[in-house]
Amino acid sequence: LSHEYSLMAGMLILSVSVLLINAQIFCIFNRFMEHSVGIMYRLADEKFRNPMDLNRNDQVGDLYRGLYSMQVKLNADLADSRQTATKALRINQALDNVQSGVMVTDNSLNIIYMNNSVQKLFKEGENEIRKQMPNFDASKLMGANIDIFHKKPDHQRGILNNLQSTMRSEISIANLHMAVVVNPVINDKNERIGFVAEWVNRANEVMLEEEVTNAVMCGSQGDFTQRI
C-alpha cells in the first residue's frame, strides 16, 4: 500500500512540476511576445532605439536580430526620405516663384505640379482657351492629363514615350499662342519618371510677327503707310 502511495505521490509531484514548467514557459513566451509586439509598435511610431538581446543563440535571438536589422533599415530609409523631401521642398519653393511657367507630369502625363506663373498663364487665358475647349477650367488642371491640350493625344504620347532630350513645340488655342519646352525627368537609376514643361505666352511676339508680315506685304504692294 505504501508503495502505491509513493507512486501516486510521485505522479502528483511530476504533474505539478510539468504544470509549473509549462506555466514558466508560458510566462517567458508571453513576455517575449509583449516585448516583440512593443518593438513593432515603436518601429511603426518611428522610434528606432529599441533594446534587444542580440546575443541569444536560439530562435528568439534570431527573431531579435531580424527585428534589429529591420530597425536599422527603417531608420536609414526614413532619414533618406526626409532628406529627399527637404530637397524636393526647396526645389518646389524655388520653382513656385520663377518667372517661367513650369509644369511637371508623371509618366502617365498626369499633371502633378504647376508653379505660380503657369497657373497665372492658364487663368488669364481661360476665356480664350474656352473658345476651343468649352469645358476648360484652369482651377482643375492639377491632376488632369495633358491629353486635353492635344487634338491627337496618341500621336503626342508616341513622341513623348521616345523623348530622350529637349523638345520644343508651339500650341495655339484660339488667339492664345504658347511655346512649350519639354524635357524628360530621369532618376538616379536612369529611369524616366515623368516630364517637365516650360510654358511661355507668345501672344505679344505673335502679334508683332503678324504686324511685321502685314507691313512687309503692304510695302511690296507700294503701301508704306503701315506702322508697327
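All values below were derived from every heavy atom in this structure, side-chain atoms included, with hydrogens, water molecules and symmetry-related copies excluded.
Between F122 and W199, the ring planes lie perpendicular to each other; the angle is over 60°, past the 30° to 60° tilted range.
For the pair N50 (side chain) and K47 (backbone), a donor-acceptor distance under 3.5 Å is present. When atom types are taken as modelled, the side chain of N190 and the backbone of I186 share no donor-acceptor pair closer than 3.5 angstrom. A donor-acceptor contact shorter than 3.5 Å links the side chain of R192 to the backbone of N161. Looking at R157, its side chain does come within 3.5 Å of a backbone N or O of S108 through a donor-acceptor pair. Judged by distance alone, with hydrogens and angles left aside, the side-chain atoms of N145 form no donor-acceptor pair with the main-chain N or O of I111 at under 3.5 Å. For the pair D106 (side chain) and I112 (backbone), a donor-acceptor distance under 3.5 Å is absent.
Of the candidates N92, D96, T105, Y113 forms a side-chain hydrogen bond (donor to acceptor under 3.5 Å, both in side chains) with just one, namely D96.
M133 approaches I148 most closely through the heavy-atom pair CE-O, 3.2 Å. Heavy-atom minimum distance, N183 versus S165: OD1-C, 4.0 Å. Of all the heavy atoms in F48 and L74, the pair that sits closest is CE2-CB, 3.6 Å. Scanning all heavy atoms of the two residues, the minimum distance from D137 to R130 falls at CA-NH2, 4.2 Å.
Looking only at side-chain heavy atoms (C-beta outward), L109 and I146 come within less than 4.5 Å of each other. Looking at H177 and I171, their side chains never come closer than 4.5 Å, going by heavy atoms from C-beta outward. For the pair V98 and N115, the minimum side-chain heavy-atom distance is below 4.5 Å. Considering only heavy atoms from C-beta on, L121 comes within 4.5 Å of M178 through its side chain. Contact annotation: the side chain of M114 approaches that of L141 to within less than 4.5 Å [non-hydrogen atoms, C-beta and beyond]. With a 4.5 Å cut-off on side-chain heavy atoms, F136 and I173 do not count as touching. Between S117 and V102 there is no side-chain heavy-atom pair separated by less than 4.5 Å. Counting heavy atoms from C-beta outward, L176 and N201 have side chains that approach closer than 4.5 Å.
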Discussion item. Evaluate Y64 against H35 for side-chain contact (heavy atoms from CB on, under 4.5 Å), listing each step before the verdict.
Written reply: CA-CA 10 Å; Y64 280 151; H35 185 223; 2.8 Å; yes
Worksheet item: Would E198 and R168 satisfy salt bridge (Lys or Arg N to Asp or Glu O under 4.0 Å), going step by step from the backbone distance to the final call?
Response: CA-CA 10 Å; E198 179 183 3; R168 292 175 171 83; over 6 Å; no
Item to complete: Let me see the working for K123 and E126 under salt bridge (Lys or Arg N to Asp or Glu O under 4.0 Å), right down to the final yes or no.
Response: CA-CA 5 Å; K123 188 63 180 177; E126 188 172 51; 3.5 Å; yes
Discussion item. Pair D45, R42 - check salt bridge (Lys or Arg N to Asp or Glu O under 4.0 Å), show working.
Written reply: CA-CA 5 Å; D45 202 29; R42 287 191 292 275; over 6 Å; no
Worksheet item: So V182 and V196, side-chain contact (heavy atoms from CB on, under 4.5 Å) or not? Walk me through it.
Response: CA-CA 6 Å; V182 181; V196 57; over 6 Å; no
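By the rule that hydrophobic residues join a cluster once side-chain heavy atoms approach within less than 4.5 Å of another member, M33 and M70 end up as members of one cluster. Under a hydrophobic clustering in which Ile, Leu, Val, Met, Phe, Trp and Tyr are joined whenever their side-chain heavy atoms come within less than 4.5 Å, directly or via other members, I159 and V181 fall into different clusters. Clustering ILVMFWY residues whenever any of their side-chain heavy atoms sit less than 4.5 angstrom apart, transitively, puts M40 in the very cluster that holds L54. No chain of hydrophobic side-chain contacts below 4.5 Å, direct or via other Ile, Leu, Val, Met, Phe, Trp or Tyr residues, connects I21 to I13.
Y41 belongs to a hydrophobic cluster whose other members, connected by ILVMFWY side-chain contacts under 4.5 Å either directly or through intermediates, are V37.
The closest side-chain donor-acceptor pair between Q156 and D147, if any, does not fall under 3.5 angstrom.
The CZ atom of R31 sits 12.5 Å away from atom OG of S36, with the distance rounded to the nearest 0.5 Å. Distance check: Q99 CD to K120 NZ gives 8.0 Å after rounding to the nearest 0.5 Å. Remark: E191 CD to K189 NZ distance equals 6.0 Å, nearest 0.5 Å. Between atom CZ of residue R82 and atom CG of residue L89 there is a gap of 14.5 Å, rounded to the nearest 0.5 Å.
Under the 4.0 Å criterion applied to side-chain N and carboxylate O atoms, R65 and D62 are assigned as salt-bridge partners.
Shown here is Y68, whose OH atom has no more than 12 heavy atoms of other residues, nucleotides or ligands within 6.0 Å.
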